Amino acid sequence: MLAPNALDTRCALDTRCALETPDGVELILVPAGPVIRGVAWGIDAAIRGGILVGLATVLGLLEAVGMAILLLAFFLINWWYPVLFEVLSQGSTPGKKSVGLRVVMQDGAPIGWSASIVRNLLRQVDFLPALYATGLVSMMCNRRFQRLGDLAAATMVVYQDRQTGLGMNLPPGESERPPVPLRPAEQRALLAFAERSQGLNPERAAELANLLEPISGETGAEGVEQALRWARALRGENQ
Amino acid sequence: MKTDRIVMRPRSTAEAIDLGFALVRANYKTMLGLSLTWMLVLLPAVAAITLWLPLGGLLLLWWFKPLLDRMLLQALALDLLGQKSGPLLTLRSRWLGNGMVAGLSFWRFHPARSFLLPVWQLEGQRGKQRRRRQRSLSHGNGGSGFGLTLAFLGLELAILSGWLVLGNLLLPLDFSWLQWGSSLDWSSSQGRWLVAWFLGSYALTVLLTEPFYLGAGLGLYLNQRCRLECWDLEPDLAALGQRHAGRRSLS
């Protein structure tokens, strides 16, 4: 919304980050912050630790040779686990996948070998001086929540597209065209209200339906029913 | 609620936390000003208690974090409502009261402190009504307020140990007392330096993390109001009703 006051020309804050691809398509990515990424990291750390403990138990039987193989495995798992998964598994290590995250390039392209290697090498810098303190501060300073490794590799961690579980279906019933012509934005608001009214507590749904009383002439639960009938007509159901 | 400051929409829990972060980042200068004010106010008490109990200053800072949270939340609320919200303007507005004493005593230990602070401070219900409100607003959020507190315990620990390790590397401090069985004389000059270093590290950590903890809690709160109360749709529906208020009488 544009306002004359210079202070208010700032745009509204959102978690979404819209990118325009070269072919003019708008791509919406949602960068993920430190809390959820910490959870993903914890899951990955547990998996890696589990593998190493398992290997150590088995290889312990082989004594010196086993030790050599274990050190090699330690190196491989520590350095290549994130890189291999990120490049070969659509940007997600198992930890990231389980909480619904993936790594992409800043421009939305899939992550490649060099970017993944850079971002995971610089993990060591982000870890300094202890427990990712540098990385955390860097993420807090950055609109896209990039740690130093992400900045160097021009990558970011985003949420995978998921159905939010909202706005699916209207309950079946009669439909009726709204008595007044509605603008597209108003239609969207009405549809969203009708869909979400099912999950609201009935008192609150009625309260919101009362806002539409000038059009519907109905209040309370009847008002909600009326909004549902209009929404079905807007959807083109039962016609 | 009508606000042009943020885009309201039902989000996932993690995304709601991220929105809180974005809001804090946009207000960080104010947050910093308020945090420094809070530290200046507590400084004499911290200094006094340190003479008596070497690490009591840490406890004091920790205990009085809700005081800082209140200032920070007030600033963010002013910003959301489209008012100017510098540190001074925030301090001059009404941020004391509304459960201040409870906030510094039994609510200090509430596991979902930052998620519920907007209810305590801004909604201002009392007694049974407040408890009911608290319960209904927490409905279906899977204990994310508590999860947030746990997550920030981890974040704080990470940043704090960052400062401490940095001190270990860069300052001529002796950490051998950490070894099992050795002890430290806090009143020696070495001990005093250590106390100062701990206090400084903790203060810097609070400066960096507390605004984000509070902001993330506010993000969760706003998200619950969108999910459970359709707060994001309310202005649109009201405008829709208003625009057609005159028309129906014609038809």
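Quick caveat: nothing in here was measured; it's all calculated off a predicted structure.
For the side-chain hydrogen bond (donor to acceptor under 3.5 Å, both in side chains) test, no residue two or more places apart in sequence or in another chain qualifies with Asn223(B). Partners of Glu123(B) according to the salt bridge (charged side-chain N to carboxylate O under 4.0 Å, His left out) rule, which considers only residues two or more places apart in sequence or in another chain, are Arg133(B), Arg225(B).
Along residues 144-154 of chain B, the residues that come nearer than 4.5 angstrom to chain A, judged on non-hydrogen atoms, are Ala151(B), Phe152(B) in order of number.
Put simply, the side chain of Ser216(A) reaches to within 4.5 Å of the side chain of Trp230(A), judged on heavy atoms. Leu207(B) is listed as a side-chain neighbour of Met39(B), based on a closest heavy-atom distance under 4.5 Å.
Of the two parts of Phe127(A), neither the backbone nor the side chain holds a non-hydrogen atom closer than 4.5 Å to a non-hydrogen atom of chain B. The contact between Asn142(A) and chain B is made entirely by backbone atoms, counting heavy-atom distances below 4.5 Å. Within the 4.5 angstrom heavy-atom criterion, only side-chain atoms of Tyr159(A), from C-beta onward, approach chain B. For Val39(A), no part lies under 4.5 angstrom from a heavy atom of chain B. With a 4.5 angstrom heavy-atom cutoff, Arg188(A) does not touch chain B via any of its atoms. Within the 4.5 angstrom heavy-atom criterion, only side-chain atoms of Ile17(B), from C-beta onward, approach chain A. For chain A, the nearby part of Leu228(B) is the backbone; its heavy atoms alone come within less than 4.5 Å. With a 4.5 Å cut-off on non-hydrogen atoms, Leu237(B) touches chain A through its backbone and its side chain both.
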Original post:
Could you walk me through whether Lys65(B) and Glu156(B) pass the salt bridge (Lys or Arg N to Asp or Glu O under 4.0 Å) check?
Top reply: CA-CA 13 Å; Lys65(B) 279 204 278 187; Glu156(B) 246 184 10; 2.7 Å; yes
**OP:** Quick one: do Arg11(B) and Asp18(B) satisfy salt bridge (Lys or Arg N to Asp or Glu O under 4.0 Å)? Show the steps, please.
**Re:** CA-CA 10 Å; Arg11(B) 294 174 162 89; Asp18(B) 294 345; over 6 Å; no
Original post:
How far apart are the C-alpha atoms of Trp197(B) and Leu164(B), what are their side-chain angles, what is the distance that settles it, and do they pass the side-chain contact (heavy atoms from CB on, under 4.5 Å) test?
Top reply: CA-CA 8 Å; Trp197(B) 176 243; Leu164(B) 291 176; 3.6 Å; yes
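For chain A, the option among Cys230(B), Ser161(B), Ala238(B) with the highest count of heavy-atom pairs below 4.5 Å is Cys230(B). Ranked by heavy-atom pairs under 4.5 Å with chain B, the list Val137(A), Leu190(A), Leu13(A) is led by Leu13(A). Taking Ile36(A), Asn201(A), Leu208(A) one by one and counting their heavy-atom pairs under 4.5 Å with chain B, the maximum is reached by Leu208(A). Of the listed residues Pro129(A), Cys141(A), Ala189(A), Gly33(A), the one with more heavy-atom pairs under 4.5 angstrom with chain B than any other is Pro129(A). When each of Ile159(B), Leu208(B), Leu233(B) is checked for heavy-atom pairs under 4.5 Å with chain A, Leu233(B) comes out on top.
Taking the ring axis of Phe85(A) as reference, the NZ or CZ atom of Arg48(A) does not stay both within 45° of it and closer than 6.0 Å to the ring centre.
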Return a table of donor-acceptor pairs under 3.5 angstrom between the side chains of residues 89-96 of chain A and protein atoms on other chains or two or more places apart.
| residue | atom | partner | partner atom | Å |
| --- | --- | --- | --- | --- |
| Ser89(A) | OG | Lys97(A) | NZ | 3.1 |
| Ser92(A) | OG | Leu101(A) | O | 2.8 |
| Ser92(A) | OG | Gln160(A) | NE2 | 3.1 |
| Thr93(A) | OG1 | Asp44(A) | OD2 | 2.6 |
| Thr93(A) | OG1 | Lys96(A) | N | 3.3 |
| Lys96(A) | NZ | Glu86(A) | OE2 | 3.4 |

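Close placement of the Trp41(A) and Tyr132(A) rings is indicated, their centers lying within 6.0 Å of each other.
By the neighbour-count criterion of 12 heavy atoms within 6.0 Å, atom CD of Gln124(A) is densely surrounded, having more than that number from other residues, nucleotides or ligands.
Looking at Arg232(A) and Glu174(A), no side-chain N of the basic residue comes within less than 4.0 Å of a carboxylate O on the acidic one, giving no salt bridge.
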